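These notes concern the structure reproduced below.
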Amino acid sequence: MKNKKTLRAPVSQKAHIVEKPEDITTIGGTIAIEINEKKVTVPLGTTILEACQQNNIHIPTLCHHPDLCVAGVCRLCVVEVEGMRTLQASCAYPITARMKIKTSTPMVRKARKHILDLLLSEHYGECYSCVRNSKCELQSLSKEYGIEEFTFGHIKEPKHVIDKSSFSVLRDMDKCVLCKRCVRTCIDLQEVGVLEATYKGDETTISTFMDRPLAGVICINCGQCINRCPTGALRANDPSDAIWNSIDDPKKHVVIQTAPSPRAAIGEEFGLEAGHSMTGQLNTALKRIGFDGVFDTNFTADLTIIEEGTELIIRLFKALVNQDPSVSLPQFTSCSPGWVKYLEHFYPEYIDNLSSAKSPQQMFGTLFKTYYAKQKGIDPKDIVSVAVMPCSAKKYECNRPEMNDSGYKDVDYGLTTRELAKMIKEAGIHLPELPKDSFDSPFGDASGAGLIFGATGGVMEAAIRTVVEFVLGVKVEDVFKNANVEVVRGFEGVKYAEIPIGDKVGPVPDLIKHLVPNWDWLKGATLKIAVAHGTANAKKIMEDIKAGGKFSECHFIEFMACPGGCIGGGGQPIPTSPEIRKARAKAIYSEDESLDVRKSHENKHVLRIYEEFLKDGPCGHLSHELLHTHYTKRGKYIA
Amino acid sequence: MENEKTNRVGSVIFSEYERGEAVKKAAEMSREDILGEIKISSLKGRGGAGFPTSTKWMLTAAAKSDEKYVICNADEGEPGTFKDRVLLLEYPKLVFEGMVVAGKTIGAKVGFLYLRGEYEYMLKSLHDYLSEMKQDQLLGKSICGKEGFDFDIQIRLGSGAYICGEETALIESLEGQRGEARNRPPFPVSTGYKNKPTTVNNVETLAAVSQIVTKGGEWYKTYGTNKSSGSKLFSVSGDCKKPGVYELPWGTKISELLKLVEAEKTKAVQVGGASGVCFPKSQFERTLAYEDISTGGSIIIFNESRDMVKVLKNFMEFFVEESCGQCTPCRIGNVKLLEGVEMIEDKTFTFNYINKLKELGKTMQVSSKCGLGQSSPNSFLSILENFSEEIFNGRNGGKHEK
Amino acid sequence: MLVVEKNSLTEEIEELVAHYGNDRASLLPILQDVQRKHSYISDYAQQEIARVLDIHPVEVYGVISFYSFLYSKPMGRNIVRLCQTITCDLQGKKAVAEAIERELGIKFGGTTKDNRITLEYANCLGMCDQGPAMLINDKVYSYLTPEKAVEILGEV
Ligand SMILES: Cc1cc2nc3c(=O)[nH]c(=O)nc-3n(C[C@H](O)[C@H](O)[C@H](O)COP(=O)(O)O)c2cc1C
Ligand code: SF4
Ligand code: SF4
Ligand code: SF4
Ligand code: FES
Ligand code: FES
């Protein structure tokens, strides 16, 4: 991702193209330089910042971000280079010749302090009333540089109105330091293109098209901009006050579902390193906070696999056996609401390719206010359903007008990992110290297949585990070692795999017997699948499909709006980086391996739902009514 | 607009020149010979930075690429500069032929003239001139009948942004972007327009090239000083009887220039426009030359009746508006300097704070991303340094009428 | 906007793109041409330009708002830009500005009721030897005095 050269990004924001000079000082593509009088050797084209980091020399940065291309605009990272009149921005300076660098001279320190003074002079607001208090880069830099007063004054009146139009993302431009990380995220990393710098000089502001409210433009609510904003200028729309009110209301029955990714990351909010899974502790915390039922979204993830997998089988059967030309293939996953909205805006002509299955969050929401309400004998209107998600787009999703198949708003509140951590802290609980607890019945513990939904490729892997067993009639472990489908794992932007079915097929399992007579029609076929994470990668696949390329021949494609999948979601703890996302994914995969049940169709609670409630089976009438949805062709035009 | 004069006097740029001379001569020369001639002339960039033109061309010529570009920087936005206007209106032959010569030398087939939006009124005459050049085989395919000597010139208009005179911001603008300066390195000579090797030269630099190619580098060097060869066009405005464009050899003293333009009771001379330095009377014997006062040629004269705080305020307002706004020191720093000037104007300042602002100015000079923020504190620092007596004590006891 | 107007704008933009090429480098010339004809670049025009150049509408808006000669809101039929920079200031810009404001009954930044003139300040126009100077659309006027300026404005 780092050296990505997209056409979209302004050249000034692109990664450097460094040609190797034919210079005698450069032997073997490395170069000897001096940093603070210490001799070090670095590969040609390494930036001064990277060279310093590799040698454990700390340089303050603000506009630099490991996921994004170079900007070089905040100027905090300046260093002195011998022989140069001006200081150089270390994040933007590729080393191609010998040089002597000094990272902490009086001139450097003074410049950095001045720059902070300047930023603070225009930074409206107080730290103690900011979501990013103690997690703000501007704040920690101020501490680092011992800022004790506002040397150049301090703004007293806000200049902007906070844009609260979006269900997902709030924009408070009075806190913006114009690092343009959000711009580079939205235009370059995500290729959605909602935010850009507008005007010039002292009027420069990050804005949307014609300064429209965020809800009025084509924002997909992915929240990636929030994750990369160094300050509180961008934040999620936080419903925790309303949730507290419901908890405190004795008439309300407040249930909560937790998605797989928050548990792999929430420890970071409590000072743990990335990569600690907190499933059990989180359950305890939620119960102590006062939720009346604590459930695992993985349960509906398993359900999603059954519904979405069945839908795929139906589509394939119609296309291959009935030769029905109206069937849209490849089928696209629909569990990432950021991706769904992206498709609705940018590729509306493909909405029929989206699986009609709701996302796990929304399936659970519907079940809470139907099946669960009935089981518990509670009036659904008294149920408040909360979803803990790694995602800011989930807030938008639960507010879609069509998401009320239970007769009520299926999910009342989407809560991010960060917001939940805040609630836990407010309740005076230190999460890492808690004992473990399990999920509540009647949904109980889910399978590892549901769990790995959190990482890119996870939905696909879960689907493969089930489809392989359904169709081939063998254990998935016989096909993929340890049931780990490695081909779809990892952080490659676009992954592609083929699964040959061969001549041996199994019997059709009972669950879907009424839908297909046998598997003979799949004999000799090759299942083609692909996985993309981050909408920029999704775009690559979509453009290929439009052009009739190899992805148009796929059968099933997993799309996630966020880089890394949900573990890198816009509601996850800040900061994010490739390393952090890797650690979170690792936590999820190792938890999966530790579980007994690792396949969705082996989740006994899911099977029970089909026996007790959704009696006409996957993709049956009732499930269509409750667990499936429809989409809107939105297009790109901003009215 | 008044009619422009046509027969200007000047010994180098304004010397006798017949249309086509440089192109015809260059057509017969090798690229190395042209480079050699420019090198001998020791021509330095006339846009302000004073980078040796032969080095810039050599680097662009040496860069490996199938596509290269020549850009003539006609964004002339520095307050007090208008020499490029005169060159483009009266001597387009020198400018365009200089571009053709540059194209041949670096191996480019396309050149852009980036003309500031304010000069749109020239567009028609410039286009007409280009057509004439084409008819005369001085432009287009097979120039002067030489197979492979192809060069075409396109004119692109700016849209009112001073920063687009900065070469990398100019390139961004040509690419359809906001005019925000790029990180350097890489430099345009290797990574310029559309990431291809590009040489960006000022209008006057290219005009000088035409004269040098025609008359020789040695001839050029006979003008000016040892370290500053040739002549310079000075745009003189402000308090004098004869404002206008003057061609003078490098090494001219400020006092000599003041005499020439019939300035009286001069108190201060701003050399280099808003981003330049303001000199008091005591320094009028200094010379205009790279080794002393290096400049792009803007000379603004202030007589004794002028309030230097007002002057400074005007400059700082200019920068607050014209900064591209991407980097912190320039975007906010200029606002702070302007606020400081207003405090002086209102007499609400403290010396302590003004000293802090001076320190800030120095930080801006070294930490801003591009030349704008690096030079915008110049007038603040020099005016407060050279005119502090007047500003804080003189003139109505330091009062400044609004 | 009426559908017919939209269609003709789309057609116009497509023609411009055909002329300048569908590369982002054509953005400024296209914006300048659209503005020359319509006095500003409407929301719809911006989105159409973004569509044909395959860039995001907000990028078009970012560019328009960056350049002080490009507008995303309707302007008067004639744009008057008086130089506010140093030399013109020394040479009597203030008196000229006040005379114009009085005569037109609007302030700088405003547009006359009949939409005939929008008044703006500009930075140095490169006419410092002949100041005060102003641009009316693409024409430059120099050696202004209050009377002369008002007279010129009377004729546009
Ligand atoms: C803010 C700023 C504005 C500039 N404006 C101009 C200009 O209007 N014309 C110009 O030729 N150079 C201008 N320059 C200098 C150019 O960046 C560049 O150095 C010059 O065009 C190179 O040409 P030369 O080597 O022929 O001088 C400007 C530089 C800065 C930092
Ligand atoms: S939420 Fe996503 S689409 Fe919306 S502005 Fe942020 S990065 Fe762009
Ligand atoms: S909103 Fe945040 S990320 Fe965007 S420019 Fe401002 S401070 Fe940076
Ligand atoms: S110094 Fe000023 S003009 Fe230059 S990049 Fe920084 S903000 Fe932009
Ligand atoms: S971190 Fe290097 S300029 Fe901002
Ligand atoms: S100062 Fe007005 S034209 Fe230059």
Side-chain angles (χ1 to χ4, degrees), chain B residues 1-2 76-86 116-123 156-164 173-180 193-194 235-240 242-245 270 273-274 298 300-303 305-306 310-311 314-315 317-318 321-322 324-325, chain C residues 20-33 35-36 41 49 53 55 59-71 79 81 83-91 93-94 120-131 133-144:
Chain B
M1 187 175 41
E2 298 294 295
E76 186 160 64
E78 189 62 55
T81 316
F82 42 87
K83 62 180 177 80
D84 295 346
R85 175 196 90 207
V86 166
R116 65 191 309 225
E118 291 84 344
Y119 287 172
E120 189 174 348
Y121 59 84
M122 296 181 190
L123 205 53
R156 289 294 182 80
L157 269 183
S159 262
Y162 163 68
I163 181 60
C164 290
S173 176
L174 272 183
E175 289 182 1
Q177 305 279 2
R178 295 162 57 82
E180 296 177 352
Y193 180 64
K194 300 204 168 162
S235 315
V236 184
S237 68
D239 297 322
C240 65
K242 292 181 167 170
V245 172
Q270 176 86 13
S298 160
I300 307 172
I301 302 169
F302 305 105
N303 68 23
S305 73
R306 304 298 178 182
K310 292 245 137 51
V311 170
N314 190 290
F315 288 152
E317 284 169 344
F318 175 81
E321 236 178 76
E322 293 294 346
C324 83
Chain C
Y20 290 113
N22 65 356
D23 185 282
R24 175 149 187 178
S26 317
L27 180 58
L28 272 171
I30 292 171
L31 294 175
Q32 287 160 349
D33 281 3
Q35 176 162 298
R36 226 168 262 137
I41 306 138
I49 293 168
L53 294 183
I55 57 179
E59 293 181 280
V60 177
Y61 177 58
V63 166
I64 293 175
S65 60
F66 183 90
Y67 294 94
S68 45
F69 285 11
L70 296 176
Y71 306 101
I79 302 211
R81 300 186 179 100
C83 173
Q84 65 178 353
T85 310
I86 187 72
T87 323
C88 291
D89 193 47
L90 299 178
Q91 295 174 105
K93 166 219 90 181
K94 197 167 162 212
E120 283 193 346
Y121 282 119
N123 287 326
C124 182
L125 302 173
M127 296 298 288
C128 330
D129 52 339
Q130 305 171 24
M134 70 175 172
L135 281 176
I136 300 183
N137 306 324
D138 60 354
K139 285 210 177 53
V140 64
Y141 298 85
S142 58
Y143 295 122
L144 295 177

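Every chain is numbered from 1, with letters handed out A, B, ... down the list of sequences. Just so you know, these numbers come straight off a predicted model, no measurement behind them.
Looking at C:L125, both its backbone and its side chain come within 4.5 Å of chain B, counting heavy atoms on both sides. Interface remark: C:S65 contributes side-chain atoms only to the contact with chain B (heavy atom separation under 4.5 Å). With a threshold of 4.5 angstrom between heavy atoms, C:Q84 approaches chain B through its backbone and through its side chain. Proximity to chain B (any heavy atom under 4.5 Å) is shown, for C:T85, by both the backbone and the side chain. Only the side chain of B:R156 comes within less than 4.5 Å of a heavy atom of chain C; its backbone N, CA, C and O stay farther away. Contact annotation for B:L123: neither backbone nor side-chain heavy atoms come within less than 4.5 Å of a heavy atom of chain C. Heavy atoms of B:Y162 lying under 4.5 Å from chain C are absent altogether. Proximity to chain C is absent for every atom of B:Q270, based on heavy atoms less than 4.5 angstrom apart.
Both cation-pi conditions hold for C:R81 and C:F69: the charged atom is under 6.0 angstrom from the six-membered ring centre and inside a 45 degree cone around its axis.
We find that B:E78 and B:K83 are not joined by a salt bridge, their nearest charged nitrogen and carboxylate oxygen being 4.0 Å or further apart. Between C:D23 and B:K194 there is a salt bridge, since at least one side-chain N of the basic residue sits less than 4.0 Å from a carboxylate O of the acidic one. Note on B:R306 versus B:D239: salt bridge recorded, some NZ/NE/NH1/NH2 to OD/OE distance being below 4.0 Å.
The backbone N or O of B:G158 sits nowhere less than 3.5 Å from a side-chain atom of B:R116 that would complete a donor-acceptor pair. Between the side chain of C:S142 and the backbone N or O of C:G131 there is no donor-acceptor pair closer than 3.5 Å. Checking side-chain atoms of C:R24 against main-chain N and O of B:G176 turns up a donor-acceptor pair under 3.5 Å.
Each of B:E322, B:E321, B:M122, B:R178 has some count of heavy-atom pairs under 4.5 Å with chain C, and the biggest count is that of B:R178. Ranked by heavy-atom pairs shorter than 4.5 Å toward chain B, the options C:I86, C:I30, C:L28 are led by C:I86. Between chain C and the options B:A274, B:G273, B:C324, heavy-atom pairs under 4.5 Å are most frequent for B:C324.
Partner B:I300 forms a side-chain contact (heavy atoms from CB on, under 4.5 Å) with one of B:S237, B:C240, B:P243, B:S235 and no other, that one being B:S237.
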